[in-house]
Undergrad: 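What follows is a single structure, and I will ask about it in a moment.
Computed from heavy atoms alone, side chains included, the values below leave out hydrogens, waters and symmetry copies. Every chain is numbered from 1, with letters handed out A, B, ... down the list of sequences.
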2 protein chains.
Amino acid sequence: MTDKQRHSWVSIRDSIREMILNSTYGPGDKLPRDEEFAAQFGCARSTVHRAMRDLAQSGLVERRRKGGTTVRRDPVTRATLNIPITRLEVEQKGSTYGYQLIRQSVQPTSPAIMANFALPEARPMLRVEALHLADSRPYIFEDRWICLETVPEITSVDLTRESANEWLVRNRPYSRCDLRLYARPGSANDSEILQSKPGDALFVMERTTWIGEAPITSLSAVAHPGYQLFTQG
Amino acid sequence: MTDKQRHSWVSIRDSIREMILNSTYGPGDKLPRDEEFAAQFGCARSTVHRAMRDLAQSGLVERRRKGGTTVRRDPVTRATLNIPITRLEVEQKGSTYGYQLIRQSVQPTSPAIMANFALPEARPMLRVEALHLADSRPYIFEDRWICLETVPEITSVDLTRESANEWLVRNRPYSRCDLRLYARPGSANDSEILQSKPGDALFVMERTTWIGEAPITSLSAVAHPGYQLFTQG
DNA sequence: TACATTAATATGTAGCTACATAATAATGTC
DNA sequence: GACATTATTATGTAGCTACATATTAATGTA
């Protein structure tokens with residue numbers, strides 16, 4: 001009795017995931033070809049393909065041309081982080097956003113920033129240190145380097161009024177973003193800026209972006225004690 | 001001269017992104033319909049659709065049926081975190097993996113864990129405290145709660161030999177995963193287990209997973225001082 | 001046997017059609 | 001004018017065909 005109802009790729013995906021879950025296909029096993037699954041489910045290969053692409057993206061299976069599809073031996077947890085503009089993050093929590101430029105100057109790239117960009121030699125960059133506030137309390141301190149060759153217009157932006165964070169995100173989409181997250185103890189300098197106590201544990205987000213091969217910006221954002229980063233399911 | 005060469009959805013996506021980048025379409029603007037773009041580029045609507053889906057997923061545009069496609073006013077940085085099994089993470093760094101069960105006992109759900117699962121009432125859970133080691137040094141300490149109703153088989157697993165982390169990830173795929181990341185100062189207890197100094201800043205990853213509506217596990221993983229979490233671009 | 005060449009194969013992509021779905025706009029009725 | 005009903009519209013999905021691409025397997029040759 002061939003079922004003639006249409007099958008959504010979501011239901012196909014769930015069926016295949018279920019089979020992997022209940023060990024019909026175990027870790028390392030090769031799955032049937034898309035065409036076979038299509039025949040089995042009574043749907044088109046394109047529908048199976050869509051389902052498979054999703055399973056591959058979520059890290060459950062691996063696909064290789066000619067090699068076929070295999071269940072990953074070492075499943076990974078893949079989570080998508082949503083990092084909004086800081087102002088919006090603050091406002092969404094119902095707080096009043098504040099912004100404060102601390103320092104800005106043109107400098108040659110520091111070794112650490114060169115490493116972030118994987119640059120072989122130093123380039124002129126604008127270094128901007130600024131503080132984001134929530135209800136007048138320090139929220140996130142950012143130490144940002146902006147590549148002047150890639151973003152020359154930044155010099156004509158009044159960074160005392162508009163944060164570089166916001167200007168860049170609105171005016172300079174990027175094609176690649178590297179992220180690094182870690183914790184570090186607050187220094188004396190942190191204490192002063194973030195009004196934290198020395199010895200507080202601070203959450204640090206380092207972000208480096210490119211457009212094509214050209215470096216845009218690299219920054220380290222240090223959050224106030226108690227800050228938490230969530231996934232948006 | 002209509003170009004009859006085939007256009008890949010990647011190149012279409014890049015073209016549209018480029019237009020958004022160079023302000024042909026600004027934040028909040030409505031983009032042309034897929035069909036119009038297709039005519040403009042000389043490709044099929046499905047190709048534009050594929051490109052648009054990618055742009056929507058990366059957070060640059062928003063799509064709504066009938067409403068059309070608009071450039072997001074508040075672009076977000078979307079980054080995908082890859083959280084592998086701890087053993088593999090350690091081995092991939094070239095270190096020798098070690099594992100040590102510290103405690104395990106059946107307990108009613110603690111209020112904090114109930115909140116993570118959004119459970120209205122307590123359920124019997126297996127609480128497992130274990131330490132992952134890299135080259136015999138503490139790497140990550142995990143305090144895990146496993147729902148016995150959803151995963152009854154866990155009671156027959158010898159958790160002194162195999163980590164719950166590994167058993168679950170191999171045997172219990174999840175459909176939903178919530179993640180929370182933050183920093184906290186090390187306590188005296190942490191110092192003992194992680195061999196950290198009191199006052200060290202510790203990186204904490206809290207992870208809660210479900211299969212369908214059923215809770216699987218909720219854990220807090222505390223990493224050794226110096227631990228960093230990366231995105232895999 | 002060793003190595004280069006060729007064939008086979010499973011996934012990946014582009015293009016088309018047809019229809020589904022959600023959200024807005026237009027319309028009708030009281 | 002207020003509200004329910006209906007049409008319109010842009011995206012979303014399913015199915016099909018054809019071809020591209022990467023990789024393995026098979027084959028041929030020295």
Undergrad: Rounded to the Å, how far apart are B:E35 CD and C:dT17 C1'?
TA: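 Computing the B:E35:CD to C:dT17:C1' distance gives 12 Å.
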
Undergrad: When only distance counts, do a donor and an acceptor, one from the side chain of B:R50 and one from the base of C:dG12, lie under 3.5 Å apart?
TA: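 Answer is no: no donor-acceptor pair is held.
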
Undergrad: Would you say B:T69 places a side-chain N or O within less than 4.0 Å of OP1 or OP2 belonging to D:dT11?
TA: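 So the side-chain polar atoms of B:T69 do come within 4.0 Å of the phosphate oxygens OP1 or OP2 of D:dT11, strictly under.
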
Undergrad: With a 4.0 Å cutoff (strictly under), does any side-chain N or O of A:S8 reach OP1 or OP2 of D:dT13?
TA: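 Checking A:S8 against D:dT13: no side-chain N or O falls below 4.0 Å of OP1 or OP2.
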
Undergrad: Looking at D:dG15, D:dA14, C:dT11, which one has an atom nearest to any side-chain atom of A:R45?
TA: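 Of D:dG15, D:dA14, C:dT11, C:dT11 is nearest to the side chain of A:R45.
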
Undergrad: Mind checking if A:G68 touches a base, just sugar-phosphate, or nothing, with heavy atoms under 4.0 Å?
TA: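 Sugar-phosphate contact only - A:G68 comes under 4.0 Å of backbone atoms but never of a base.
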
Undergrad: Could you work out which one of D:dT11, C:dG15, C:dA14 sits closest to the side chain of B:C43?
TA: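 Of D:dT11, C:dG15, C:dA14, C:dG15 is nearest to the side chain of B:C43.
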
Undergrad: Once you round it to whole Å, what is the distance between P of C:dA10 and CD of A:E36?
TA: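 Spelled out: CD on A:E36 to P on C:dA10 is 8 Å.
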
Undergrad: Would you kindly give the CE-to-P distance between A:M52 and C:dG12, to the nearest whole Å?
TA: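 In whole Å, C:dG12 P lies 10 Å from A:M52 CE.
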
Undergrad: Calculate the interatomic distance between A:D34 atom CG and D:dC16 atom P; express it in whole Å.
TA: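 Rounded to the whole Å, the gap is 15 Å.
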
Undergrad: How long is the line joining NE2 of B:H7 and P of C:dT13, in whole Å?
TA: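 Rounded to the whole Å, the gap is 17 Å.
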
Undergrad: Apply the test salt bridge (Lys or Arg N to Asp or Glu O under 4.0 Å) to residues B:K93 and B:E89: give CA-CA distance (whole Å), side-chain angles for both, the deciding distance (0.1 Å), then the verdict.
TA: CA-CA 7 Å; B:K93 300 193 337 175; B:E89 187 179 334; over 6 Å; no

Undergrad: Going by side chain to side chain donor-acceptor pair (under 3.5 Å), name the residues that satisfy it together with A:Y99, two or more places apart in sequence or in a different chain.
TA: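 Once residues adjacent in sequence are excluded, A:Y99 has no partner under the side chain to side chain donor-acceptor pair (under 3.5 Å) criterion.
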
Undergrad: Please work out whether the ring planes of B:Y227 and B:Y139 are parallel, tilted or perpendicular, with thresholds of 30° and 60°.
TA: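 B:Y227 and B:Y139: perpendicular rings.
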
Undergrad: Using OP1 and OP2 only, check whether a side-chain N or O of B:S46 sits under 4.0 Å from C:dG15.
TA: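 No, no such contact exists.
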
Undergrad: Rounding to an integer number of Å, can you tell me how far B:F41 CZ sits from C:dG15 P?
TA: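 Nearest whole value for this atom pair: 12 Å.
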
Undergrad: Rounded to the Å, how far apart are A:F37 CZ and C:dA10 C1'?
TA: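 Atom CZ in A:F37 sits about 14 Å away from atom C1' in C:dA10.
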
Undergrad: Answer yes if the ring centres of B:W145 and B:F117 are under 6.0 angstrom apart, and no otherwise.
TA: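 Ring centres of B:F117 and B:W145 not closer than 6.0 Å.
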
Undergrad: Would you say A:H49 reaches C:dG12's phosphate, i.e. side-chain N/O to OP1/OP2 under 4.0 Å?
TA: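 So the side chain of A:H49 is within the cut-off, an N or O lying under 4.0 Å from OP1 or OP2 of C:dG12.
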
Undergrad: Starting at atom NZ of B:K30, determine the distance to atom P of C:dA23, rounded to an integer number of angstrom.
TA: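 Interatomic distance, NZ of B:K30 to P of C:dA23: 14 Å.
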
Undergrad: For DNA chain C, which residues of residues 53-66 of chain A approach it to below 4.0 angstrom with any heavy atom?
TA: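 Contacting residues: A:R63, A:R64, A:R65, A:K66.
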
Undergrad: Under 4.0 Å between a side-chain nitrogen and a carboxylate oxygen: does that hold for B:E149 and B:R123?
TA: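 Looking at B:R123 together with B:E149, the answer is yes, because their closest N to O distance falls below 4.0 Å.
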
Undergrad: Under a 4.0 Å threshold between the charged nitrogen and the carboxylate oxygen, would B:D34 count as salt-bridged to B:R50?
TA: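 Judged by the 4.0 Å cut-off on N to carboxylate O distance, B:R50 and B:D34 do not form a salt bridge.
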
Undergrad: Checking contacts here: which listed nucleotide (D:dA10, C:dG15, D:dG12) is nearest the side-chain heavy atoms of B:R33?
TA: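 Among the listed nucleotides, the one closest to the side chain of B:R33 is D:dA10.
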
Undergrad: Give the C-alpha distance, both sets of side-chain angles, the deciding distance and a yes or no for salt bridge (Lys or Arg N to Asp or Glu O under 4.0 Å) between B:R180 and B:D178.
TA: CA-CA 7 Å; B:R180 184 184 303 173; B:D178 274 14; over 6 Å; no

